[in-house]
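Here the structure is a predicted model, which is why all the values come from computation and not from measurement.
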Amino acid sequence: MPGFFCFYTKSYRHYFTVLPCMSLKELLKGGTRGQMPGNVLPMLATLVDKAPEQADWLYEVKWDGYRAISFTSKTRLDIRSRNNKSFNEKFYPVYNALKELGINAVLDGEIIVPNDEGVSDFQALQQWRSEADGGLVYYVFDILWLNGVNLMNLPLARRRDILHEVLPDGHDVIKNSSHFDTSPDDFMKIAEAMGMEGVIAKKTDSVYVPDSRSKDWLKIKVKKYQEVIICGYTKNEGSSKQFSALMLGLYDHGELISVGPVGTGFNTKMQTELLKKLKPLITKRCPFKVVPDYNKPSRFRPNPPKAEVTWVKPQLVAEISYAEITSDGAIRHPSFKGLREDKDPKTVTWERTKKTTDVVKSKRKKIVIEKPSKDKERRTLLNPSEEMQVREVNGNQLKFTNLSKVYWPAEKYTKRDMINYYYQVAPFMLPYMKDRPQTLNRHPNGINGKTFYQKNVTGKVPEWIETFPYYSETDQEEKNFLVCTNEASLLYIASLGCIEMNPWHSRTKKPDNPDYCIIDLDPDKNTFEQVIKAAQVTKEVLDAFGIPCYCKTSGSTGLHIYIPLGAKYNYEHSKEFGRIVARIVHEELPGFTSIERATKNRQGKMYVDFLQNRPQATIAAPYSIRPKPGATVSAPLHWDEVKKGMKMKDFTIRTMPSRLAEVGDLFNGVLDKGIDMKKVVKSIAKLNDSYGRGADKLLKLL
């Protein structure tokens with residue numbers, strides 16, 4: 001018996017019935033056996049003035065994106081645009097997601113970038129270069145072939161049932177574009193309220209007819225849009241803009257005609273990108289048979305500015321919104337939305353609205369628009385194909401080059417992989433990098449190439465990068481450290497080939513006061529189990545005095561233990577406090593630890609290093625990659641993870657982003673207000689003479 005479900009959308013309440021389920025095998029009956037089609041051009045909808053009222057129609061969201069037919073099997077994976085261009089590299093997250101699904105099918109849908117409300121943003125899609133520009137979603141609304149069965153002659157309702165059986169629920173990228181057998185009036189009201197482009201109505205019994213504009217599929221637009229061809233651009237006299245307007249045209253009865261200019265809808269960045277595409281197309285010949293005079297006054301432009309026109313070959317298609325089309329065929333109040341790289345300019349004609357009653361001879365469900373989660377882990381900043389990419393971060397232009405250069409030969413990880421990692425972890429890493437001078441450890445040719453340290457960046461970095469002065473005794477002159485201040489500067493450091501990030505322990509506002517004291521457990525001929533044991537003992541010692549501490553892997557062979565100081569003490573205090581802790585740990589584990597600075601005096605024992613707590617000393621930051629095989633990372637740990645069986649290779653640029661999404665920042669307590677060092681040291685001084693002598697020395701300093 002059918003079940004009843006109730007859904008809500010704002011003030012609208014819709015009901016629908018769910019029919020008893022059929023198995024996939026039963027649903028495929030009636031299809032035609034055959035090989036996967038070599039190519040399919042999409043079935044198109046007819047533009048009408050309003051939605052049909054009959055009961056045998058269902059309604060879908062009209063996604064404002066790129067139409068995409070996908071062919072996916074063990075031997076073929078191909079995403080094709082409406083004009084049969086490949087989307088494989090351009091929209092690589094969709095390609096990778098389809099590959100992971102591993103289904104044997106031909107799918108029809110729309111690729112979009114959803115805004116914060118889950119509604120498609122065409123301009124964001126048009127400017128999309130990587131996942132830093134937004135999360136791509138492939139909304140699939142039809143299935144044409146599955147497992148050797150051609151489904152195009154099956155009714156739409158059956159194809160939709162098959163699609164629901166094939167696609168998994170809850171996927172981040174590949175989603176089922178739900179249909180809604182609701183009242184058309186309600187659907188249009190909701191679509192308008194949510195800022196959607198419009199609605200698609202489809203007959204439930206319609207078959208799929210490729211490369212045809214069908215009356216069984218209708219589109220009803222909330223706003224007026226028109227595809228146009230860019231035929232030139234103008235620059236007004238005295239204007240500082242790169243161009244003032246685009247000259248638009250389209251084909252009418254086979255002839256390319258002018259439909260006027262569009263001068264709004266693009267910012268400086270979009271103008272730069274448009275000109276880059278238009279300049280190779282510049283021509284002296286006007287593409288229109290009748291040359292328009294854009295300087296001539298009209299009733300809509302009584303005082304047009306004097307403008308110089310540059311003509312281009314009519315090869316780029318754009319989409320605009322507009323208020324109305326005048327009686328003489330001009331478009332009023334147009335606004336540029338973006339380029340349509342999926343459209344052939346030869347097919348761009350007037351899209352005239354037909355009366356629904358002339359096209360159509362004459363139950364309810366909620367419109368669920370899934371909003372993107374703000375809690376999902378970051379993906380990528382740089383796309384996998386372009387060797388040089390420019391990205392805007394924090395309002396600054398960053399140029400990334402040589403992106404395919406291999407930095408980790410065994411794993412084949414590239415400079416691109418490294419920068420994408422730092423983009424992914426930047427929100428977690430920045431607290432330990434921000435406002436700290438940096439010692440740049442540069443590996444321009446990867447972990448096996450020559451490396452060098454750089455402190456002085458005077459005159460060598462962009463103006464927006466902040467610096468911190470220091471005096472070089474060697475050169476007897478003032479120089480400057482680079483200071484990391486935000487995500488842009490962190491990524492700039494990475495772009496220099498800095499695999500490893502090495503910030504000061506103090507910040508520029510209190511350069512002589514470190515935020516933490518560090519105990520660096522640095523093994524020599526020790527096993528990693530011994531390093532773990534030393535860390536456990538260090539924690540026991542610190543726990544005994546009520547001292548909070550935090551552990552991270554070094555990313556190489558050791559472990560680092562941080563004690564929060566809250567920038568209340570200077571470097572000498574921090575170093576002497578570290579010396580006391582190191583001495584206690586060594587006396588607890590004399591068999592395999594040492595506090596001797598000279599390597600030869602350690603006799604192969606683990607160095608319990610407290611001398612990292614000196615001015616300008618640096619250590620790999622939390623979440624920093626290390627220039628080691630496997631691209632290991634300096635990873636903050638739960639103390640209950642610091643036990644036998646833990647491996648350094650468990651924490652790499654491949655595993656850390658998902659770990660962070662799951663456990664968050666385990667190190668944030670390091671930046672708390674810090675210990676009361678005087679109180680702690682007084683407690684230590686009471687233990688015995690050995691500890692007391694060091695404690696008394698520090699108490700005098702405090």
Does the gap between the ring centers of [X] and [Y] come in under 6.0 Å?
X	Y	answer
Tyr407	His443	no
Phe667	Tyr516	no
Tyr95	Tyr138	no

If you round to the nearest 0.5 Å, how far is [atom2] of [Y] from [atom1] of [X]?
X	Y	atom1	atom2	result
Leu274	Leu316	CG	CG	8.0 Å
Met501	Met433	CE	CE	5.0 Å
Gln315	Leu281	CD	CG	5.0 Å
Asn456	Ser472	CG	OG	8.0 Å
Ser624	Glu500	OG	CD	5.0 Å
Leu491	Cys498	CG	SG	12.0 Å

Crowded around [X] [atom1]? As in, over 12 foreign heavy atoms under 6.0 Å?
X	atom1	value
Gln616	CD	yes
Lys628	NZ	no
Lys85	NZ	no
Asn267	CG	yes
Lys405	NZ	yes
Glu477	CD	yes

| task | Give the intermediate values and the outcome of side chain to side chain contact (heavy atoms under 4.5 Å, CB included) for residues Met418 and Trp408. | result | CA-CA 10 Å; Met418 180 191 75; Trp408 286 269; 4.1 Å; yes
Which atom pair, heavy atoms only, marks the closest approach of Asp515 to Leu671?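 The pair with the smallest heavy-atom distance is CB-CD2, 4.2 Å.
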Exercise: identify the closest heavy-atom pair between Ile69 and Pro42: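 For Ile69 versus Pro42, the nearest heavy atoms are CD1-CB, 4.2 Å.
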Is any side-chain N of the basic residue among [X] and [Y] closer than 4.0 Å to the acidic one's carboxylate O?
X	Y	answer
Arg76	Asp78	yes
Lys90	Glu341	yes
Arg378	Glu487	yes

Results of side chain to side chain donor-acceptor pair (under 3.5 Å) for Gln242 - residues two or more places apart only =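 Listed in chain order: Thr272.
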Note to self: Please verify the inter-ring angle class for Tyr233 with Phe243; under 30° counts as parallel, over 60° as perpendicular, anything in between as tilted.
What the structure shows: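 Ring orientation of Tyr233 relative to Phe243: tilted.
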### Message
Is the ring pair Tyr492/Trp464 parallel, tilted or perpendicular, if the boundaries are 30 and 60 degrees?
### Response
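Ring orientation, 0 to 90° scale: perpendicular.
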Margin query: Would Thr451 and Asn441 count as a side-chain hydrogen bond (donor to acceptor under 3.5 Å, both in side chains) here? Give the steps.
Written below: CA-CA 7 Å; Thr451 179; Asn441 185 5; 3.2 Å; yes
State, yes or no, whether a side-chain contact exists between [X] and [Y] at a heavy-atom distance under 4.5 Å.
X	Y	result
Leu403	Met388	no
Thr632	Ser556	no
Arg67	Ser81	no
Met270	Phe336	yes
Asn383	Glu131	no
Arg82	Lys343	yes
Ile112	Tyr66	no
Leu666	Glu641	yes

_With sequence neighbours excluded, residues passing side chain to side chain contact (heavy atoms under 4.5 Å, CB included) with Lys62_ =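 By the side chain to side chain contact (heavy atoms under 4.5 Å, CB included) rule, Lys62 matches Glu197, Ile200, Lys219, Lys221.
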Listed partners of Pro280 passing side chain to side chain contact (heavy atoms under 4.5 Å, CB included), at least two apart: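 Testing Pro280 for side chain to side chain contact (heavy atoms under 4.5 Å, CB included), a comparison that skips the adjacent residues, returns none.
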message = Whether the side chain of Ser130 engages the backbone of Leu381 through a donor-acceptor N/O pair (distance < 3.5 Å, no angle test) should be reported.
response =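 Yes.
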* **Leu482 and Ile493: CA distance, side-chain angles, deciding distance, side chain to side chain contact (heavy atoms under 4.5 Å, CB included) verdict** => CA-CA 9 Å; Leu482 182 152; Ile493 295 169; 3.6 Å; yes
Original post:
Looking at Phe452, is Arg442 sitting on its ring face, NZ or CZ under 6.0 Å from the six-membered ring centre and within 45 degrees of the normal?
Top reply: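 No.
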Does Arg80 qualify as a cation-pi partner of Phe87, given the criterion of NZ or CZ under 6.0 Å from the six-membered ring centre and within 45 degrees of its axis?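 Because its charged atom misses either the 6.0 Å distance or the 45° angle limit, Arg80 does not stack over Phe87.
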For [X] and [Y], test the side chains for any donor-to-acceptor distance below 3.5 angstrom and give the result as yes or no.
X	Y	result
Asn502	Gln438	no
Asn480	Thr458	yes
Ser404	Glu387	yes
Tyr432	Asp665	yes
Lys235	Ser244	no

Is there a ring pair (Phe, Tyr, Trp, His ring centres under 6.0 Å) between Trp504 and Phe468 once you walk through the steps? CA-CA 11 Å; Trp504 280 17; Phe468 186 77; 5.7 Å; yes
Please determine whether side-chain hydrogen bond (donor to acceptor under 3.5 Å, both in side chains) holds for the pair Thr414 and Asp417, giving the CA-CA distance in whole Å, both sets of side-chain angles, and the decisive distance to 0.1 Å.
CA-CA 5 Å; Thr414 63; Asp417 294 321; 3.2 Å; yes
Begin from the C-alpha positions of Tyr92 and Thr380 and carry the test side-chain hydrogen bond (donor to acceptor under 3.5 Å, both in side chains) through to its verdict. CA-CA 11 Å; Tyr92 62 91; Thr380 57; 2.7 Å; yes
*Just do the side chain to side chain contact (heavy atoms under 4.5 Å, CB included) check on Asp64 and Glu110 with the steps written out, would you?*
CA-CA 8 Å; Asp64 192 10; Glu110 194 104 353; 5.9 Å; no
Please determine whether side chain to side chain contact (heavy atoms under 4.5 Å, CB included) holds for the pair Asp172 and Arg379, giving the CA-CA distance in whole Å, both sets of side-chain angles, and the decisive distance to 0.1 Å. CA-CA 12 Å; Asp172 286 347; Arg379 302 240 172 118; 2.9 Å; yes
_Run Lys434 and Asn486 through side-chain hydrogen bond (donor to acceptor under 3.5 Å, both in side chains) and show every step you take._
CA-CA 6 Å; Lys434 192 174 187 298; Asn486 54 17; over 6 Å; no
Item to complete: For salt bridge (Lys or Arg N to Asp or Glu O under 4.0 Å), just list the numbers for Arg391 and Asp133, CA-CA rounded to whole Å, side-chain angles, deciding distance to a tenth of an Å, and then say yes or no.
Response: CA-CA 10 Å; Arg391 310 296 289 163; Asp133 298 321; 2.6 Å; yes
